[in-house]
Amino acid sequence: MRVLIVDDDVGVAGLLRTVLVMDGHEVSVAADGAAGRSRLALPPPPELLILDRMLPDMDGADLLAQVRTDPRTARLPVLMISADRAPVDAYGGGATHVLAKPFDLADLRAALSALRTP
């Protein structure tokens, strides 16, 4: 699966990338919302977006809203990772799943398994 991670925390992004690559996924990483938006526009599109809620240049929920209004990404599964522990519908229902930071690898892998596209 092609996965785009948008997270400014180098440690979290690195951990996510390492786990996903070890599990056989193709991974790209963007450190802020603008870079994430640019990567989403490049072909081929990701099959999953892992999006941090708190980015340095924008609120992750704002990027999520942009993702949902773009016909190319409107149906893209989105795993929102957040330290604020808000429920899924706190992001306007746009996130497919929310994973609270800190998270353990079992929870991450369970969320990824649930989000796999057929």
Side-chain angles (χ1 to χ4, degrees):
M1 176 176 2
R2 288 182 310 279
V3 181
L4 172 60
I5 300 166
V6 182
D7 195 329
D8 62 311
D9 184 321
V10 176
V12 171
L15 171 68
L16 288 167
R17 185 179 193 290
T18 298
V19 169
L20 290 165
V21 168
M22 286 175 37
D23 289 352
H25 302 286
E26 181 183 325
V27 180
S28 60
V29 178
D32 60 36
R37 198 172 34 234
S38 294
R39 297 253 172 106
L40 284 165
L42 296 174
E47 297 167 294
L48 172 67
L49 172 61
I50 299 177
L51 178 59
D52 185 18
R53 168 69 169 72
M54 293 180 250
L55 298 169
D57 62 339
M58 69 173 52
D59 188 312
D62 292 338
L63 179 56
L64 178 58
Q66 293 172 21
V67 165
R68 291 296 178 234
T69 59
D70 184 333
R72 296 171 297 153
T73 57
R75 298 181 59 134
L76 179 67
V78 178
L79 172 60
M80 178 76 77
I81 54 177
S82 178
D84 69 8
R85 301 183 186 278
V88 172
D89 53 347
Y91 306 111
T96 312
H97 188 79
V98 176
L99 188 60
K101 289 182 183 178
F103 53 84
D104 63 41
L105 294 182
D107 289 339
L108 172 63
R109 285 189 167 122
L112 293 172
S113 179
L115 291 169
R116 285 214 168 103
T117 55

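Side-chain N or O atoms of Arg17 include none that pairs as donor or acceptor with a backbone N or O of Val29 at under 3.5 Å. Using modelled atom types, no side-chain atom of Ser82 and backbone atom of Ala100 make a donor-acceptor pair closer than 3.5 Å. The backbone N or O of Gly33 lies less than 3.5 Å from a partner atom in the side chain of Asp57, making a donor-acceptor pair.
In this structure, Leu76 CG and Thr96 OG1 are separated by 7.5 Å, a value rounded to the nearest 0.5 Å. Rounding to the nearest 0.5 angstrom, the gap separating the CG atom in Leu4 from the CG atom in Leu51 is 8.5 Å.
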Side chain to side chain contact (heavy atoms under 4.5 Å, CB included) between Val78 and Leu64, intermediate numbers included: CA-CA 8 Å; Val78 178; Leu64 178 58; 3.7 Å; yes
Pair Leu79-Leu108, side chain to side chain contact (heavy atoms under 4.5 Å, CB included): steps then yes or no: CA-CA 10 Å; Leu79 172 60; Leu108 172 63; 4.2 Å; yes
Derivation of the side chain to side chain contact (heavy atoms under 4.5 Å, CB included) call for Asp52 and Val6: CA-CA 6 Å; Asp52 185 18; Val6 182; over 6 Å; no
Audit row: Glu47, Val3, side chain to side chain contact (heavy atoms under 4.5 Å, CB included) steps and yes/no: CA-CA 6 Å; Glu47 297 167 294; Val3 181; over 6 Å; no
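A side chain to side chain contact (heavy atoms under 4.5 Å, CB included) with Pro46 holds for exactly one of Val27, Ile5, Leu40; it is Leu40.
Between Leu48 and Leu115 the shortest heavy-atom distance is CD1-CD1, 3.9 Å.
Within the structure, every pair that satisfies the salt bridge (charged side-chain N to carboxylate O under 4.0 Å, His left out) test and touches residues 18-39, not counting sequence neighbours, is listed here: Asp23-Arg109.
At a threshold of 4.0 Å, the pair Asp62-Arg53 does not count as salt-bridged, since none of the basic side-chain nitrogens sits closer than that to a carboxylate oxygen.
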